[in-house]
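Quick note: residue numbers are just sequence positions, from 1. For ligands, and for the atoms within them, numbers begin at 1 and follow the listed sequence.
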Amino acid sequence: MAQKQLRSVRGMNDLLPPYSDTWVYFEAQCRQQFAGYGYREVRTPVVEDTALFARGIGDDTDIVSKEMYTFADRKGRSLTMRPEMTASCVRAYIQHAIGKQEPVTRWYYIGPMFRYERMQTGRYRQFYQVGIEAFGIAEPSIDAEQIAMIYELYKNLGLTELDVVINSVGGPDDRPAYRDALRAFLLPMRDELCSDCQRRIDINPLRVLDCKVPSCKQKVADAPSILDHLGEASRSHFEGVQRYLTELGVPFRIDAKLVRGLDYYTGTVFEIIATGDTLGTQSTLVAGGRYDTLVENLGGPATPAVGFALGIERAILSLPEATAAAAATVPDAFIATRGDAAHTYAMGLAQRLRRAGKYIELDHRNGSMKSQFKRADKLSARYVIVIGDDELASGKLTLRNMDSRDESQVDEAALVAAL
Ligand code: ATP
Ligand code: MG
């Protein structure tokens with residue numbers, strides 16, 4: 001009997017060339033952009049104690065209540081494949097007492113996250129995030145700087161249809177009063193809300209504002225605004241964020257219903273949304289905010305913090321074709337050879353050119369000149385260097401520009417310059 005074909009797990013995709021070229025390019029652009037603002041890379045384990053996420057993200061969030069990959073290891077300990085990385089960063093920050101070593105810490109990360117979700121375009125079970133976290137800064141200028149940093153990068157990558165949305169969900173001092181006001185507004189319409197929202201009214205009514213069910217969305221349209229319930233400190237912080245965003249040239253709008261799906265946010269929250277039509281309802285590209293109480297809640301010293309995470313799949317799905325094409329890697333030259341002596345010489349030549357930083361292709365399979373040119377075309381090589389007996393004897397190599405079809409005779413010393 002034929003064996004069943006093995007396949008990757010549903011919702012978990014292989015990342016293969018040429019698609020991976022764009023991916024690597026995007027990551028490199030992020031690294032370069034973040035470096036200019038003082039962010040340095042951290043890599044934490046994929047697997048953590050389940051308690052970290054339950055305590056960090058919040059028991060009643062969608063992520064913790066229904067999306068986590070949790071399993072018992074061989075000793076029966078409950079472990080979870082990280083659904084996001086802020087909790088891991090905070091754990092590492094506390095564990096290594098980073099706050100004792102430096103007053104301000106800026107980190108970024110790139111890696112896979114795992115959530116058991118219903119799959120759609122832009123929504124997967126293993127997906128990749130790039131994220132940043134800044135610890136130790138309470139001032140609103142860092143919130144604005146982070147938003148501007150990623151907004152500029154996306155704009156430079158050719159993403160023009162972007163909507164920057166900000167809100168303040170208030171701090172521990174403002175939230176209880178707002179929670180009560182919102183609960184009072186929601187209770188009379190309880191029966192008309194979805195079952196999740198009915199539960200949320202009691203546990204965390206702010207989350208009702210985040211519900212994706214259309215009838216719930218409609219019901220909360222007239223809900224009281226958190227912005228009317230901000231105390232003086234939260235209000236002036238939020239005004240500061242807006243002032244700096246304006247200074248940095250970031251167009252934004254305020255949405256008082258933006259609350260985000262994680263419990264740890266305090267004060268500023270923001271999203272960058274793609275307004276084009278490639279992503280459908282999965283249009284949030286970047287999401288983040290302040291989490292001034294999380295370090296303390298997870299057992300560390302009180303430390304203000306702010307950060308964001310972006311989904312790489314969604315970023316790449318919304319990149320214009322020109323940007324994706326620019327990311328493609330094409331050979332600087334393809335060396336086509338005739339005969340053993342030429343092939344032997346070509347091996348050394350390729351190595352010398354690669355030492356000079358060039359991407360050189362060379363066909364090892366001993367095919368015809370015609371098939372080698374075909375291969376060079378297929379790879380979109382910029383030049384073909386032809387080497388046969390004549391070239392070996394004269395020391396002059398034939399260099400063909402594959403765009404213009406011009407040919408010239410050059411010696412090896414002139415090659416690097418010509419390429
Ligand atoms: P959504 O509302 O789309 O479910 P979220 O609020 O769960 O997003 P965050 O946890 O804040 O998202 O993650 C930040 C970013 O990571 C998202 O804006 C998105 O770009 C990306 N992301 C989140 N979940 C997924 C997923 N399952 N597949 C692909 N990308 C994702
Ligand atoms: Mg989600």
Gln146 and Tyr39: side chain to side chain donor-acceptor pair (under 3.5 Å), yes or no, with the steps?
-> CA-CA 11 Å; Gln146 289 188 346; Tyr39 289 84; 3.1 Å; yes
Min over Glu271, Glu117, Met113, Arg115 of heavy-atom distance to atom 10 (O) of ligand 1 lands on Arg115
N/O donor-acceptor pairs under 3.5 Å from side chains in residues 162-170, not counting sequence neighbours:
{"from": "Asp163", "atom 1": "OD1", "to": "Arg253", "atom 2": "NE", "distance (Å)": "3.3"}
{"from": "Asp163", "atom 1": "OD2", "to": "Arg253", "atom 2": "NE", "distance (Å)": "2.9"}
{"from": "Asp163", "atom 1": "OD2", "to": "Arg253", "atom 2": "NH2", "distance (Å)": "2.9"}
{"from": "Asn167", "atom 1": "ND2", "to": "Asp255", "atom 2": "O", "distance (Å)": "3.4"}
{"from": "Asn167", "atom 1": "ND2", "to": "Ala256", "atom 2": "O", "distance (Å)": "3.2"}
{"from": "Asn167", "atom 1": "ND2", "to": "Leu258", "atom 2": "O", "distance (Å)": "2.8"}
{"from": "Ser168", "atom 1": "OG", "to": "Gly170", "atom 2": "N", "distance (Å)": "3.2"}

Leu182 side chain reached by Arg179 side chain, heavy atoms, under 4.5 Å = no
Give the atoms of ligand 1, by number and element, whose distance to some non-hydrogen atom of Ala287 is under 4.0 Å.
-> 11 (O)
For residues 291-309, please give each side-chain donor-acceptor pair under 3.5 Å, one per line with the distance, not counting sequence neighbours.
{"from": "Tyr291", "atom 1": "OH", "to": "Glu133", "atom 2": "OE1", "distance (Å)": "2.5"}
{"from": "Asp292", "atom 1": "OD1", "to": "Arg290", "atom 2": "NH1", "distance (Å)": "2.8"}
{"from": "Asp292", "atom 1": "OD1", "to": "Ala305", "atom 2": "N", "distance (Å)": "3.1"}
{"from": "Asn297", "atom 1": "ND2", "to": "Thr293", "atom 2": "O", "distance (Å)": "3.4"}
{"from": "Thr303", "atom 1": "OG1", "to": "Pro301", "atom 2": "O", "distance (Å)": "2.7"}

Kindly determine whether Asp196 and Lys212 satisfy salt bridge (charged side-chain N to carboxylate O under 4.0 Å, His left out), including the steps that lead there.
-> CA-CA 11 Å; Asp196 277 342; Lys212 305 283 192 293; over 6 Å; no
Measure Leu285 to ligand 1 on non-hydrogen atoms and call it side chain, backbone, both or neither using the 4.0 Å cut-off.
-> backbone
Between Lys212 and ligand 1, find which residue part has any heavy-atom pair under 4.0 Å and reply side chain, backbone, both or neither.
-> side chain
Do the ring planes of Tyr154 and Phe26 sit parallel (below 30°), tilted (30 to 60°) or perpendicular (above 60°)?
-> tilted
If you measure from each heavy atom of Glu84 to ligand 1, is any distance below 4.0 Å?
-> no
What part of Gln282, side chain, backbone, both or neither, has a heavy atom within less than 4.0 angstrom of ligand 1?
-> neither
Give the atoms of ligand 1, by number and element, whose distance to some non-hydrogen atom of Ala309 is under 4.0 Å.
-> 14 (C), 15 (C)
Hey, is ligand 1 close enough to Leu310 that some N/O pair sits below 3.5 Å?
-> no
Please confirm whether Gln129 comes within less than 3.5 Å of ligand 1 when only nitrogen or oxygen atoms on both sides are compared.
-> yes
Give a yes or no on whether Asn401 atom CG has more than 12 heavy-atom contacts from other residues, nucleotides or ligands under 6.0 Å away.
-> yes
Kindly indicate whether the side chain of Cys197, heavy atoms from C-beta on, has any atom under 4.5 Å from the side chain of Arg207.
-> no
For ligand 1, which atoms sit closer than 4.0 Å to a heavy atom of Thr284?
-> 17 (C), 18 (O), 19 (C), 20 (O)
Assess Arg123 for proximity to ligand 1: is some non-hydrogen atom of it under 4.0 Å away?
-> yes
